[in-house]
Amino acid sequence: MPETFTYKFDTPVYKGETSFSTGLFINGQFVDGSNKTTIDVINPTTGKAVTKISEGTPADVDIAVKAAQDAFDTVWGLNAPGAKRCALLNKLANLMEDHFDEFAALEALDNGKTFSWAQKADVPESIACIKYYAGWADKIRGSTIETTEDKLVYTRHEPIGVVGQIIPWNFPLMMMAWKIGPALATGNTIILKPSEFTPLTALLMAKLINEAGFPPGVVNIVNGYGNTVGQAISEHMEIDKVAFTGSTLVGRKIMEAAAKTNLKNVTLELGGKSPVVIFDDCDLEQAVAWSSHGIFWNHGQSCSAGSRIFVQEGVYDEFLKRFTETAQSLKVGDPFSPDSYQGPQVSQIQYDRIMGYIESGKAQGATVHYGGHRIGTEGYFISPTIFTNAEPNMKIVQEEIFGPVGVVVKFKDEVDAIQKANDTSYGLASAVFSQDINRALTIAHKLQAGTAWVNCVQQLHPNVPFGGYKQSGIGRELGEHALNNYCNVKAVHVNLGHRQ
Ligand SMILES: NC(=O)C1=CN([C@@H]2O[C@H](COP(=O)(O)OP(=O)(O)OC[C@H]3O[C@@H](n4cnc5c(N)ncnc54)[C@H](O)[C@@H]3O)[C@@H](O)[C@H]2O)C=CC1
Ligand code: BAL
C-alpha cells in the first residue's frame with residue numbers, strides 16, 4: 001500500500017494541513033508501482049526531501065491503459081453525455097476551490113514558487129480552465145455540409161480514446177488543468193504523467209477526481225521518470241494521442257517515438273526565447289514593470305518568459321537604469337514569506353543549468369550588468385540577472401535558460417527590431433511596447449510567434465489559444481482550439497436517393 005503524505009503548513013501566510021496518497025492513481029485506486037520503488041520529492045527551498053512517491057514503470061502504464069480503455073468503452077467516451085462530463089468537471093472545479101490555499105501551499109513547497117503568486121495565478125487560472133472546459137463539454141458539435149440534394153453529409157467530433165499527457169514542473173497544477181480540461185470535456189480517458197520533480201498537486205487532484213465522482217479509469221496518473229514512464233506513454237501502441245509540455249529536446253523524442261510506433265497524434269508545447277520590443281515612444285514606467293514581470297515572474301521558469309529585451313536607442317539608457325532598479329527591488333527568499341517575489345529554482349539540476357548559462361555568457365564576452373550569483377547557502381536561489389553587451393550568436397541569446405536571466409539589447413529602428421526579435425529558432429510568445437497603436441500592431445503582426453502581447457507581457461487566459469511557431473511546438477492549447485486536439489472528425493455521408 002502506498003503511504004499517505006500528511007503535512008502541516010505552519011507559515012506566516014498559510015496554516016493548514018494536507019493529506020493524500022503518494023501512490024500511482026490507476027482505475028480509481030492508489031497503488032504502488034510494480035517495482036515497489038519510490039522517488040524522493042525535494043523541497044527546493046531547503047534541498048531536503050519532504051516525502052516519497054511511488055515510482056511507476058512501463059508495466060504500470062500498460063495497466064493504466066487497460067483501465068482507461070475499459071472506462072472509455074463502458075462509462076466514458078460516447079457513453080457519457082456532454083451534460084454528465086460538464087457536471088463532473090464543474091464538481092471538480094468546485095472541489096479545487098474548497099482546497100484553494102492547500103493547492104497554493106503545495107505548489108510553494110514542491111516547486112518553490114511563492115505562495116502569493118500561486119494564489120494569484122496558478123490556482124485560480126487552473127480552476128478557471130477546468131470551468132471553461134466544463135462549459136464546452138455539452139457543446140461539442142460537428143456541422144452539416146452542403147453537397148448535393150440527394151445526399152446528407154455531416155461531421156461528428158468524436159473523442160480520440162485513450163490519451164497520454166506528459167507535463168512539466170514549472171506550472172504543475174496549471175499544466176494539468178490545461179491538459180485534462182479539454183481531454184475530459186471531449187470524452188477522452190487519460191494517462192497523465194506529472195513531472196518527477198513536482199508530483200504533489202497532481203496527487204491531490206487525483207483524490208478530488210475520485211471525490212467528484214469521475215468513474216474509475218477515466219483519469220489515471222502514473223508518476224515516474226521521463227525515460228521510463230514518459231517514453232512508455234510515447235511509444236504505447238494503444239495510446240492514440242500524446243500531449244506534451246516541456247523541452248524541445250524531449251518534444252523531438254516524443255514525435256520520433258510516435259512516428260516509430262503507431263503514428264499517434266502529437267501536440268507539443270515547447271521552449272521559447274521570447275522577445276520584448278520596447279520603442280522610444282512607449283510608456284516607460286509600464287514597459288519597465290511589464291518587462292521585469294515578463295522575465296522574473298515564476299523565477300524565469302516560464303516557456304513564454306520575455307528573456308530577450310530589445311530597447312530602442314533613445315530610451316535604452318533610461319530603461320536599463322530603471323529595469324535594474326526594479327530587479328534590485330525584487331525580494332528573493334522563502335516562498336512562504338509574504339514579501340518574497342521570487343523563490344528558489346525548482347531543482348539542483350535547473351540551478352546548475354542556469355548557473356552554467358550565466359558562466360557561458362561571461363565566457364563569451366557579455367557583461368553581467370546585475371546579479372549573476374547564488375543567494376544564500378541552502379536551496380536553489382539565484383539572483384535576478386541582467387546581461388548587456390550580448391552578441392546574437394551567444395548561447396544566452398539563442399538558448400532557453402529557463403531562469404531569472406534577461407538579456408537587454410539595443411536596436412535602431414523597426415526593421416532592426418524585427419530582424420533581431422525574429423532571429424531565433426523559437427516562436428512561442430512576443431511583446432511590443434509603443435504608444436503608437438499603428439506601430440504596435442504592425443510590429444505585433446510581424447513577430448513570428450504564437451502570441452503577441454501589446455503593452456503587456458505574460459497574459460494567459462483559458463479562452464485564448466496558446467502555442468508556438470517554429471520549434472516552440474505543434475498545435476494550440478486553451479480556447480476552443482484545444483478541443484480539436486482531442487477529437488477525431490468523422491464525415492458521415494447519407495444517401496437520400498442517389499442511385500448507382
Ligand atoms: N515548455 C515548457 O513549459 C517547459 C520547458 N522546459 C525546458 O526544458 C528544459 C529542461 O527541463 P526538463 O525538466 O529536463 O524538461 P523535460 O522536457 O525533460 O521534462 C518535461 C516532462 O517530460 C518528461 N520526459 C523527460 N524525458 C522524456 C522522454 N524521453 N519521453 C517522454 N517524456 C519525457 C519529464 O519527466 C517531464 O514530465 C528547461 O530548462 C526548459 O528550457 C522545461 C519545463 C517546461
Ligand atoms: N508552459 C505554459 C506557460 C508558460 O510556461 O509560460
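Every number for a ligand or one of its atoms is a count from 1 in the order of the listing.
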Residue pair Lys264, Asp240: steps toward the salt bridge (Lys or Arg N to Asp or Glu O under 4.0 Å) verdict: CA-CA 5 Å; Lys264 55 178 66 64; Asp240 294 319; over 6 Å; no
State yes or no: are the ring centers of Phe5 and Phe20 separated by less than 6.0 Å? yes
Met175 contact mode with ligand 2 (heavy-atom cut-off under 4.0 Å): side chain
Based purely on interatomic distance, does Tyr225 place a nitrogen or oxygen under 3.5 Å from a nitrogen or oxygen of ligand 1? no
Donor-acceptor check, side chain of Lys113 to backbone of Gly343, threshold 3.5 angstrom: yes or no? no
I would like to know whether Tyr225 and Glu55 meet side-chain hydrogen bond (donor to acceptor under 3.5 Å, both in side chains); could you show each step before the answer? CA-CA 8 Å; Tyr225 293 107; Glu55 179 189 0; 5.6 Å; no
Just jot down the ligand 1 atoms closer than 4.0 angstrom to any heavy atom of Phe244, in number order. 17 (O), 20 (C), 21 (C), 22 (O)
For Lys260 and Glu256, run salt bridge (Lys or Arg N to Asp or Glu O under 4.0 Å): C-alpha distance rounded to whole Å, both residues' side-chain angles, the deciding distance at 0.1 Å, then the answer. CA-CA 6 Å; Lys260 285 187 172 155; Glu256 199 181 334; 3.0 Å; yes
Note: ligand 2 atoms sitting under 4.0 Å from heavy atoms of Ser304 are 4 (C), 6 (O)
Is Lys470 positioned over the aromatic face of Tyr426, cation under 6.0 angstrom from the ring centre and no more than 45 degrees off axis? no
Protein heavy-atom partner closest to atom 7 (C) of ligand 1 - residue, atom, separation in Å: Glu400 OE1, 3.4 Å
Considering the heavy atoms of Asn170, write down every atom of ligand 2 situated less than 4.0 Å from one of them. 5 (O)
For atom 3 (O) of ligand 1, which protein heavy atom lies nearest, and how many Å away is it? Asn170 ND2, 3.3 Å
Looking at ligand 1, does any of its N/O atoms fall within less than 3.5 Å of an N/O of Leu270? yes
Within a distance under 4.0 Å of any heavy atom of Pro168, pick out the atoms of ligand 1 and give their elements. 43 (C), 44 (C)
More than 12 heavy atoms of other groups within 6.0 Å of Ile349 CD1: no
Using a plain distance cutoff, I'd like to know if Ile167 has any nitrogen or oxygen under 3.5 Å from a nitrogen or oxygen of ligand 1. yes
Under 3.5 Å, is there a donor on one side chain and an acceptor on the other for Gln301 and Gln345? yes
Within-cut-off N or O pair, Lys193 and ligand 1, under 3.5 Å: yes
Return the OH to CH2 distance between Tyr133 and Trp178, rounded to the nearest 0.5 Å. 9.0 Å
Taking distance alone, with no angle check, do Ser302 and ligand 2 share an N/O pair under 3.5 Å? yes
May I ask you to check if ligand 1 and Glu196 share an N or O to N or O distance below 3.5 Å? yes
Nearest protein heavy-atom contact for atom 17 (O) of ligand 1: which residue, which atom, what distance? Ser247 OG, 2.7 Å
Determine, using ring centers only, whether Trp169 and Phe402 are less than 6.0 Å apart. yes
Specify the protein heavy atom at minimum distance from atom 28 (C) of ligand 1: its residue, its atom name, and the distance to 0.1 Å. Gly226 O, 3.3 Å
Residues His236 and Asn262: side-chain donor-acceptor under 3.5 angstrom: no
Polar proximity ligand 2 side, Cys303 side, N/O cut 3.5 Å exclusive: yes
Number the atoms of ligand 1 from 1 as they appear, then name those within less than 4.0 Å of a heavy atom of Thr245, with their elements. 1 (N), 2 (C), 3 (O), 20 (C)
Given the rule in the salt bridge (Lys or Arg N to Asp or Glu O under 4.0 Å) test, do Lys179 and Glu269 qualify, once you have shown the distances and angles that lead to the verdict? CA-CA 11 Å; Lys179 295 279 182 294; Glu269 201 260 274; 5.7 Å; no
Would you say ligand 2 has an N or O under 3.5 Å from any N or O of Gln301? no
Determine, considering heavy atoms only, which of Gly246, Ser234, Ser195, Cys303 sits nearest to atom 5 (C) of ligand 1. Gly246
Are any of the N or O atoms of Trp178 closer than 3.5 Å to those of ligand 2? no
Check the pair Lys48, Glu378 against salt bridge (Lys or Arg N to Asp or Glu O under 4.0 Å), reporting the backbone distance first and the verdict last. CA-CA 10 Å; Lys48 299 197 171 73; Glu378 87 168 352; 3.7 Å; yes
Does ligand 1 have an atom under 4.0 Å from some heavy atom of Gln301? no
Would atom 19 (O) of ligand 1 count as contacted, meaning some protein heavy atom under 4.0 Å? no
I need the Leu460 CG to Phe466 CZ distance, nearest 0.5 Å. 5.5 Å
What atoms of ligand 1 come closer than 4.0 angstrom to any heavy atom of Glu269? 1 (N)
Nearest heavy atom to atom 14 (O) of ligand 1 wins, so pick from Glu256, Arg353, Gln231. Arg353
Which residue and heavy atom of the protein sit nearest atom 31 (C) of ligand 1, plus the separation: Gly230 C, 3.3 Å
Indicate yes or no: does an N/O atom of Glu269 lie under 3.5 Å from an N/O atom of ligand 2? yes
Can you find a pair of side-chain heavy atoms, one from Ser337 and one from Lys331, that are under 4.5 Å apart? yes
Only heavy atoms of Ile166, strictly under 4.0 Å: list the atoms of ligand 1 that pass. 21 (C), 22 (O), 23 (C), 31 (C), 32 (N), 37 (O)
Using ring centroids (six-membered ring only for Trp), state whether Trp117 and His299 fall under 6.0 Å. no
Given Trp169, Phe171, Phe402, which one has a non-hydrogen atom that is nearest to atom 6 (N) of ligand 1? Phe402
Indicate the atoms forming the closest heavy-atom contact of Gly230 with Lys193, along with that distance. N-CD, 3.6 Å
Lys253, Met175, Gln350: member with heavy atom nearest to atom 39 (O) of ligand 1: Gln350
